[in-house]
Peer 1: 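The following block contains the structure, expressed as C-alpha cells.
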Amino acid sequence: MRMIAGRLLALLPVLFGLCVLSFALLASVPGDPVTAMLGLEADPAAIAALRAKYALDDPLPLRFLAWFWQVLQGDLGRSIQTGRPVLAMIGAALVPTLQLALAALLVSLVIAIPAGVVAATRRNGAADFAATLLALCGLSLPSFWLGILLIMGFSIALPVLPSSGHAPLLADPGEALRHLALPALTLGAAMAAATMRMTRAAMIEVLSADYIRTARAKGLPARRVVWRHALRNALMPVVTLVGLQLGQLMGGVVVTESVFSWPGIGKLTVDAIFARDYPVVQGAILVTATLFVLINLATDLLYTVLDPRLRSRA
C-alpha cells in the first residue's frame with residue numbers, strides 16, 4: 001500500500017508539469033485556430049468575437065490557469081472546431097484505441113512467449129535461428145508496409161477481411177473482430193518481435209541459474225521446470241517491456257490508424273494538431289499521459305505477484 005500511495009502522489013507533479021509543458025508548446029505553435037476555423041477572408045468582427053469567446057486574447061498565464069482550473073473540475077473544455085466537449089471526443093476515440101491495444105497485445109503474447117521459450121530451450125538450434133530470423137524481420141519491417149501487405153493479401157487478393165474502418169464491438173461482435181484483425185496483427189507482429197527477443201534472453205539467463213539445475217537434479221519433468229519455474233522468473237523484464245508497449249499503444253498509433261482508417265485517439269490528436277484545436281490536443285495529451293503512468297503503476301504491482309520477495313517492500 002505504501003508503494004501505491006507513493007506512486008499516486010508522484011503522479012500529481014508529473015501531470016502538472018506535463019500540463020504546463022504541453023500548454024506552453026501549443027501556445028508557441030505558429031498559426032491561429034480562429035483563422036484556421038473561419039478562413040483568411042473572414043470578417044474581422046467575427047474573428048474578434050470568436051477569439052474573445054475562447055479567451056485567446058488573454059495573457060498566457062491567465063489562459064493556463066483558467067484551463068487548469070477546468071481540468072481540476074473534470075472539464076477539459078470544448079473543441080474550437082466542433083464545439084463538442086473534449087472529454088466526450090476523447091472518450092469516443094479511446095474505446096477503439098483500447099480495443100486495438102488489447103488485441104495487438106494478445107497477438108504479441110500468443111506469438112512471442114512460446115517462441116521465446118522454444119528458442120531459449122533449443123539454443124543455437126534450428127528453432128532458435130528461425131525464431132531469431134522472424135524477430136529480425138518483425139523489427140525491420142515498417143508497420144505501415146506490413147499493413148499494406150496484409151491489406152493486399154487478405155482484402156484484395158483474398159477478400160476475407162475488411163481493409164479499413166471500425167465496427168462497434170457490442171453491436172456486432174463478429175464484424176468488429178473482422179475489422180480488428182488486420183490492424184491488430186500489424187501492431188502485434190512488431191511487438192511480438194521485441195517481446196520474443198526479451199523472453200529468449202531472460203529465459204537463457206534463468207535456465208543457467210542454480211535453482212533450475214537443482215530442480216532438474218530432483219527429477220522434475222523438463223516441461224514443468226521450463227514453464228512453471230523458469231518462465232515465471234524470466235517474466236520480470238518481459239512485463240516491463242509489455243507495460244511500455246501497452247502505454248505506447250494507448251497513446252495511439254498514428255501510422256497504423258491512418259492506414260486502416262481506425263478512429264483512435266492518435267488520429268484524433270493529429271487531426272486536432274493540424275486544425276489548431278488546442279483544447280482537444282491538450283486533453284488528449286493529459287489523458288494519454290495519465291493512462292501511461294497508471295499502466296506503469298499496474299506493471300509495478302504485477303511485479304509483486306511474480307516475485308513474492310517484493311511484497312514485503314510494497
Peer 1: Please test Phe23 against Tyr278 for ring-ring contact (aromatic ring centres under 6.0 Å, His included), starting from the C-alpha separation and ending with a verdict.
Peer 2: CA-CA 8 Å; Phe23 194 93; Tyr278 297 155; 8.3 Å; no

Peer 1: With side-chain contact (heavy atoms from CB on, under 4.5 Å) as the criterion, how do Met191 and Leu249 come out once you've worked through the C-alpha distance, each side chain's angles and the decisive distance to 0.1 Å?
Peer 2: CA-CA 10 Å; Met191 293 170 55; Leu249 289 176; 3.4 Å; yes

Peer 1: Between Trp262 and Pro96, is there a donor-acceptor pair closer than 3.5 Å when you use the side chain of the first and the backbone of the second?
Peer 2: yes

Peer 1: Main chain of Gly264, side chain of Thr97: is a donor-acceptor contact present, judged purely on distance under 3.5 Å?
Peer 2: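 The answer is no, because no donor-acceptor pair under 3.5 Å joins these two groups.
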
Peer 1: Please determine whether side-chain contact (heavy atoms from CB on, under 4.5 Å) holds for the pair Trp69 and Leu65, giving the CA-CA distance in whole Å, both sets of side-chain angles, and the decisive distance to 0.1 Å.
Peer 2: CA-CA 6 Å; Trp69 177 246; Leu65 290 176; over 6 Å; no

Peer 1: To check you understand the geometry: which heavy-atom pair defines the closest contact between Gly283 and Ile90, and what is its length?
Peer 2: C-CD1, 3.2 Å

Peer 1: Do you know the tightest heavy-atom contact between Ala193 and Ala135?
Peer 2: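 For Ala193 and Ala135, the tightest heavy-atom pair comes out as CB-O, 3.3 Å.
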
Peer 1: When you measure from the side chain of Arg200 to the backbone of Ala120, do you find a donor-acceptor pair of N or O atoms at a distance under 3.5 Å?
Peer 2: no

Peer 1: With heavy-atom distances below 4.5 Å as the criterion, would you say the side chains of Asp75 and Val71 are in contact?
Peer 2: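 Sidechains of Val71 and Asp75: no contact.
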
Peer 1: Using atom types as modelled and distance alone, determine if a side-chain donor or acceptor of Gln70 lies under 3.5 Å from a backbone N or O of Leu76.
Peer 2: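 Not at all, since once roles are kept as given, no pair shorter than 3.5 Å links the two residues.
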
Peer 1: Under a 3.5 Å distance rule, please check whether Thr121 uses its side chain to pair with a backbone N or O of Val118 as donor and acceptor.
Peer 2: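 Checking the backbone N and O of Val118 against the side chain of Thr121, a donor-acceptor pair under 3.5 Å is found.
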
Peer 1: Taking the side chain as every heavy atom from C-beta outward, state whether Thr288 and Leu94 have any atom pair closer than 4.5 Å.
Peer 2: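 No, side chains not in contact.
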
Peer 1: Side-chain heavy atoms under 4.5 angstrom apart, residues restricted to Ile, Leu, Val, Met, Phe, Trp, Tyr: same cluster for Ile212 and Val226?
Peer 2: yes

Peer 1: Do other residues, nucleotides or ligands put more than 12 heavy atoms under 6.0 Å from the CZ atom of Phe154?
Peer 2: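 No.
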
Peer 1: State the CD1-CD distance between Ile295 and Gln245, to the nearest 0.5 angstrom.
Peer 2: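 So the gap between those two atoms works out to 11.5 Å.
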
Peer 1: I want to check something: taking the side chain as every heavy atom from C-beta on, are Met89 and Ser79 in contact at a cut-off of under 4.5 Å?
Peer 2: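 Yes; the side chains approach each other to less than 4.5 Å.
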
Peer 1: Under 4.5 Å between side-chain heavy atoms, hopping through other hydrophobics if needed: is there a path connecting Val117 to Ile204?
Peer 2: no

Peer 1: Using modelled atom types only, decide if a donor and an acceptor are shared between the side chain of Arg213 and the backbone of Ser208 within a distance under 3.5 Å.
Peer 2: yes

Peer 1: Donor-acceptor check, side chain of Thr269 to backbone of Ile265, threshold 3.5 angstrom: yes or no?
Peer 2: yes

Peer 1: Tell me, do Phe129 and Leu133 make a side-chain contact under 4.5 Å, heavy atoms counted?
Peer 2: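 In short, these two side chains do not touch, never coming nearer than 4.5 Å.
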
Peer 1: Any idea which heavy atoms bring Leu182 and Pro162 closest together, and the distance?
Peer 2: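 Result for this residue pair: CD1-O, 3.6 Å.
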
Peer 1: Which atom names give the shortest non-hydrogen contact between Leu286 and Cys19, and what distance separates them?
Peer 2: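 Minimum heavy-atom separation between Leu286 and Cys19: CD1-SG, 3.6 Å.
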
Peer 1: Going hydrophobic residue to hydrophobic residue with side-chain gaps under 4.5 angstrom, can you get from Trp227 over to Leu109?
Peer 2: yes

Peer 1: Just verifying a value: how many Å separate Thr186 OG1 and Glu257 CD, rounded to the nearest 0.5 Å?
Peer 2: 12.0 Å

Peer 1: Can you tell me how the ring of Trp67 sits relative to the ring of Phe64, calling it parallel under 30°, perpendicular over 60° and tilted otherwise?
Peer 2: tilted

Peer 1: How far apart are the closest heavy atoms of Ser108 and Thr195, and which atoms are they?
Peer 2: OG-OG1, 3.6 Å

Peer 1: Are Val95 and Leu177 linked, directly or through intermediate hydrophobic residues, by side-chain heavy-atom contacts shorter than 4.5 Å (ILVMFWY only)?
Peer 2: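 Hydrophobic grouping puts Leu177 apart from Val95.
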
Peer 1: Report yes if some heavy atom in the side chain of Leu100 is under 4.5 Å from a heavy atom in the side chain of His166; otherwise report no.
Peer 2: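 They are not in side-chain contact.
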
Peer 1: Between atom CG of Asp128 and atom OG1 of Thr132, what is the distance when rounded to the nearest 0.5 Å?
Peer 2: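 Here the rounded value is 4.5 Å.
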
Peer 1: Starting from Leu12, can I reach Phe292 by hopping between I/L/V/M/F/W/Y residues whose side chains sit under 4.5 Å apart?
Peer 2: no

Peer 1: Nearest 0.5 Å please: distance from the CG atom of Leu246 over to the CG atom of Leu102.
Peer 2: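 Leu246 CG to Leu102 CG: 6.5 Å, rounded to 0.5 Å.
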
Peer 1: Just do the side-chain contact (heavy atoms from CB on, under 4.5 Å) check on Val14 and Leu18 with the steps written out, would you?
Peer 2: CA-CA 6 Å; Val14 171; Leu18 185 64; 5.6 Å; no

Peer 1: Using 0.5 Å steps for rounding, measure from the OG1 atom of Thr199 to the CG atom of Leu231.
Peer 2: 7.5 Å

Peer 1: Decide yes or no for Ile151 and Phe260: does some side-chain heavy atom of the first lie under 4.5 Å from some side-chain heavy atom of the second?
Peer 2: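 Result yes, sub-4.5 Å side-chain heavy-atom pair found.
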
Peer 1: Examine distances only and state if a side-chain atom of Thr240 and a backbone atom of Met236 form a donor-acceptor pair shorter than 3.5 Å.
Peer 2: yes

Peer 1: Tell me whether Arg178 contacts the main-chain N or O of Val160 through its side chain, where contact means a donor paired with an acceptor under 3.5 Å.
Peer 2: yes

Peer 1: For a 4.5 angstrom cut-off between non-hydrogen side-chain atoms, does Val238 reach Met203?
Peer 2: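 Result no, sub-4.5 Å side-chain heavy-atom pair not found.
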
Peer 1: Does Ser155 reach the main-chain N or O of Leu161 with its side chain, forming a donor-acceptor pair under 3.5 Å?
Peer 2: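 Checking the backbone N and O of Leu161 against the side chain of Ser155, a donor-acceptor pair under 3.5 Å is found.
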
Peer 1: Do Val86 and Asp277 pass the side-chain contact (heavy atoms from CB on, under 4.5 Å) test, and can you show the C-alpha distance, the side-chain angles, and the key distance before you say yes or no?
Peer 2: CA-CA 10 Å; Val86 173; Asp277 200 342; over 6 Å; no

Peer 1: Which heavy-atom pair separates Pro114 from Ile111 by the least distance, and what is that distance?
Peer 2: CD-O, 3.8 Å

Peer 1: Could you grab the distance from atom CG of Leu185 to atom CG of Leu146, nearest 0.5 Å is fine?
Peer 2: 6.5 Å

